[in-house]
Structure formats: structure tokens, C-alpha cells
Amino acid sequence: MKINRHFDEIQDSYLFAEVENRVAAYKKKYPEKSVIKLGIGDVTLPLPPAVVDAGVRAVRELGQSDTFRGYGPYRGYSFLTRAIAEYYARRGIALSEDEVFVSDGAKSDIGNILDLFDSDCTVLVPDPVYPVYVDTNLMQGRKIVYADATEANGFLPLPDESRRVDLIYICSPNNPTGAVYDRAGLKAWVDYALDCGAVILFDAAYEFFVGDARLPRSVYEIEGAERCAVEFCSLSKTAGFTGTRCGYTIVPHALGNLNKMWLRRQSTKFNGVSYAVQRMAEAVFGEEGMAQCAQNVAVYKQNAALISDTLTDMHIYHTGGINAPYIWLKCGMDSWEFFDRLLAKANVVGTPGAGFGRNGEGFFRLTAFNDCQSTAEAMRRFRRFFSA
Ligand code: PLP
């Protein structure tokens, strides 16, 4: 059997499994302890009511012969691509509807877009990073070079003009660091990509968490980005769709053949998102849906702010937590050792930075996806832990 040997180059994805194993072993030994999880990368609040209502209505339509629907359009139903284009228009970005592609989430598109690029491309990935960017490229045998994100650059690396690359990954707000590029930072990347003839793969999965109007939520806020960037977005964290599954990708016509190629790719390998889920996604972009999503995200943002304020108060270096659901703190020791100590002494769980790349060592990720009471209790425990 001739299998894809590039799979030998990817590491086992043991990060979250190992976290779970260690927590389970601790709970088995100390069943009386209440452990608080701030490692969760999944939403915890239910779907907004406007979204649920839209889903119920859509399912009923599917049960009637005059409103039944089968396969939908490859790009997504026009009621949804229009709603997404209008969402961008409200933020001053003009898109045509056929630059919007609906999918079952950002992760699939981030992996699948690589069908459009030669395996010979050199890929620039920040370190630390959302591991999907690295693994999807390694699986196809591409060469990866890293942009170091460190305390020195606030975990927001800028281009190294002496290096030429073909594909550039940018995630802002960032997972795992919560750091967000300002317009000048993103402009530097756009200018660099235009100069290299590279394509930016911009992951905007957390754009809805950006509250500061000075910070860009879309790469297309930067002049020239439509000529060099594809943008991935997701309703997972915006609207609680991690289980429901819906996202979208913007492939501008100004990117030459890529828009046509992506449609060709999708129509060959993908048969779309279910009608009911697309109706639920449409409801996200309505006035009521947007307000309800903002209410849910405000809960996570309140948790993030509490974590960030607590760390600031304790003079612990960290990024994120203001315009992102992630807080990335300097633990100043082996990140797995910190994980074990925090679990044993404070009964709080986070994610060791080493799991996100070489530069993640010495750092630790906390997330805002728990309830307010548990997050507040975790922060009380943090204070005791650090003052002990
Ligand atoms: N991009 C980033 C940076 C993420 O952190 C995640 C999920 O954790 C995704 C994409 C995946 O989003 P989706 O649920 O839409 O596949």
C-alpha cells in the first residue's frame, strides 16, 4: 500500500488528550476536589433564541412538499451570502455576493484551501500557532518557515523582508495568544505579501471579540488586501456554532483565478451546509441575532477581562483577554510543570503553551469559556497560588 508518507512528519495531536488524562488521574486520586477548567476552547452558552427559532422554522419547511429543499447551491444559499456581504458592508467593506463561500466551518476551509496551491510553496506560519496551519501543510509535504512570536514583539511578529514566501498565515485575534494586530501591523503584512506575490490566509474566527474600533476585524480593512488575502471566518465562537457547524470564506475576485478555482474545488468535493443550518446562520446576521450573539460574547469578554485584570494586578506578563477569549500568560517555567502545579495546588486547568509551538514553552493559555462564578473562583485561587 502506497500511503501518504508525509503523515510521518506530523506529531501526534496529544495536547488536549494529555490535558484530559492528567485531569482525570487527578480527579480519580482526589474525588472531593472541585476542578475548574479554563482550558476549554469550546463555547458553553446555548444558541441565541433567534437562531433556534430560525432553525425550527427551516426544519418545518423541509417537512412540507411545497417548501422542501434538496441540494443547495455550492457557494451557499443567496439569502446567507447576501447577509454576510451586508455584514461586511456595515463595516465599510464592499464584497460581491459571489466572493462569499459558505462552509461547515473555518477549520475545513483552512485545510481545504491548500488544494489551490502547489506543494512546492513555502509557507510562513507564526509560532506559537493554532496547530491546524502546520499539520495541514505537513500532510501535503510543504516547507514551513516560522515567524517567531515572542514577548519581545508582543506575540505579533512582523514580516522579515529578507525572506520570500508564498503563503502567509495570520490569525488575529490570535489563538492561543489573544494578541490582535493593529492596522499598521496588518498593513505591514499586506504590503509584504503584495511585494512577494504571496497570499495571506487570514483567520478571523475571533473577529466578533474585537471591541476596540481602532483594531481591524477583517484584513480587508487594509488597502490592497483584496489583491493578496483570503479570509476565513466562523460562527463557532460568534454565535455558539461549534456543534451546529457553519463558517464562511471570502475569496476576492481581485485574487485572479483563486475565486474560480475555489468554486471548482468546492463543487467537486463539498455538497454544502444543510438548509436549516444556513437559515440559522442567516438569523445570526439579523438585528435580533446580532444583539443576542453580542450578549453571549459579552459574558465571555467579561470573564476574559477578569482574568486579564487579575494577572495585571499580580504583575504577570500576559497578552490577550481584552479583544479575545484567550489569555496567554508567562508562567516562567516548563509549561507542563506549571500545568501540574496549578492543577495540584489551585485545582485550575489551563493549556500548556508548549502544545502550540516551540515559542509557547514558558507560557500558558487560559480561556474565557467558563461561567462567571467559576472564572471568578479560579482567579481567587490564582491569587492564593501565586502568593504562596
Ligand atoms: N481558527 C481558529 C484560530 C480556531 O481557534 C478555531 C477553533 O478553535 C477554528 C479556526 C475552527 O473554527 P470552526 O469551528 O469554524 O471550524
Side-chain angles (χ1 to χ4, degrees), residues 13 15-16 19 37-45 47 51 76 80 84 87 100-114 125-137 147 149 155-156 167-181 200-210 217-219 229-250 266 270 272-274 277-278 280-281 284-285 293 296-297 300 304 319-321 323-328 350-351 353 355-357 360 365-370:
S13 87
L15 177 65
F16 293 101
V19 165
K37 292 187 178 174
L38 296 187
I40 313 168
D42 195 354
V43 290
T44 45
L45 292 169
L47 291 171
V51 170
L80 181 54
I84 294 167
Y87 177 60
V100 179
F101 294 82
V102 174
S103 74
D104 64 342
K107 190 181 196 172
S108 320
D109 284 3
I110 287 166
N112 295 335
I113 198 86
L114 294 176
V125 175
D127 172 7
V129 80
Y130 178 52
V132 171
Y133 310 153
V134 173
D135 292 348
T136 49
N137 277 289
F155 288 92
L156 293 168
L167 290 176
I168 301 164
Y169 284 85
I170 300 177
C171 177
S172 178
N174 191 273
N175 179 12
T177 69
V180 187
Y181 277 103
I200 293 176
L201 301 176
F202 187 80
D203 187 340
Y206 299 98
E207 59 85 13
F208 206 67
F209 284 76
V210 176
R217 288 169 60 174
S218 164
V219 70
V230 171
E231 180 160 296
F232 304 93
C233 205
S234 165
L235 298 185
S236 284
K237 311 295 158 77
T238 300
F241 271 52
T242 50
T244 307
R245 308 304 306 147
C246 194
Y248 52 91
T249 291
I250 312 296
Q266 291 297 76
F270 182 59
V273 178
S274 75
V277 168
Q278 292 197 53
M280 293 165 82
V284 167
F285 297 102
C293 289
N296 283 1
V297 166
Y300 301 136
T319 53
N323 294 289
Y326 298 114
I327 297 92
W328 180 249
T351 312
F356 298 100
R365 191 191 77 170
L366 298 176
T367 83
F369 298 116
N370 207 320

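None of these values were measured; they are calculated from a predicted model. One-based numbering, in listed order, for ligands and for the atoms of each.
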Quick one: does any side-chain atom of [X] pair with a main-chain N or O of [Y] as donor and acceptor, under 3.5 Å?
X: Lys237; Y: Gly41; result: yes
X: Glu207; Y: Cys233; result: no
X: Ser234; Y: Ala106; result: no
X: Thr367; Y: Ile40; result: yes

Strictly by modelled atom types, are [X] and [Y] linked by a side-chain donor-acceptor pair under 3.5 Å?
X: Glu231; Y: Ser218; result: yes
X: Asn137; Y: Tyr169; result: yes
X: Tyr326; Y: Tyr206; result: yes

task = Fit a plane to each ring of Phe155 and Trp328, take the angle between them on a 0 to 90° scale, and name the class: parallel (under 30°), tilted (30 to 60°) or perpendicular (over 60°).
result = perpendicular

Which residue and non-hydrogen atom of the protein lie closest to [atom], and at what distance in Å?
atom: atom 2 (C) of ligand 1; result: Asp203 OD2, 3.3 Å
atom: atom 15 (O) of ligand 1; result: Ser234 OG, 2.6 Å
atom: atom 14 (O) of ligand 1; result: Ser236 OG, 2.6 Å
atom: atom 7 (C) of ligand 1; result: Lys237 NZ, 3.6 Å
atom: atom 5 (O) of ligand 1; result: Tyr206 OH, 2.6 Å
atom: atom 11 (C) of ligand 1; result: Tyr130 OH, 3.4 Å

Could you tell me whether [X] and ligand 1 have an N or O pair separated by under 3.5 Å?
X: Gly105; answer: no
X: Tyr326; answer: no
X: Lys107; answer: yes
X: Asn175; answer: yes
X: Arg245; answer: yes

query = Between Tyr300 and Phe369, does the ring centre distance come in under 6.0 Å?
reply = yes

inquiry  = Against ligand 1, does Phe232 come closer than 4.0 Å with any heavy atom?
reply    = no

request  = Give a yes/no on ligand 1: does Gly247 have at least one heavy atom closer than 4.0 angstrom to it?
outcome  = no

note = Within 4.0 Å of some non-hydrogen atom of Cys171, the atoms of ligand 1 are 3 (C)

